[in-house]
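Down below is the structure, laid out as structure tokens.
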Amino acid sequence: MNITFECADVKISGGTMGCGIKLEVEGAELHYTLPDKEMLALMDEANIREFMESRGHLVVMRQEDAA
């Protein structure tokens, strides 16, 4: 899987860099997994919807969430 991290501050061995940084990791592997419900709770709803739609699923939102 590919993962993108965006950080406002980065700690390095000599201190903290105050500038933002973006890291793109290709071919990442998870060696620890959370239970499905915990993993979903940590994810952004827009990302979940986009993933499901990319797999051909129809995603229906609650009326108050649809803007």
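- In the hydrophobic clustering of ILVMFWY residues, with side-chain heavy atoms under 4.5 Å counting as a link, Met52 and Leu42 come out together.
- The hydrophobic cluster containing Ile48 does not contain Val60, counting ILVMFWY residues as joined when their side-chain heavy atoms lie under 4.5 angstrom apart, directly or transitively.
- Here the straight-line distance linking atom CD of Glu50 with atom CD of Glu45 works out to 14.0 Å at 0.5 Å rounding.
- Counting heavy atoms from C-beta on, the side chains of Glu26 and Glu24 never come closer than 4.5 Å.
- Asn2 contributes a side-chain N or O that, together with a main-chain N or O of Gly27, makes up a donor-acceptor pair within less than 3.5 Å.
- Other residues, nucleotides and ligands contribute more than 12 heavy atoms inside 6.0 Å of the CD atom of Glu53.
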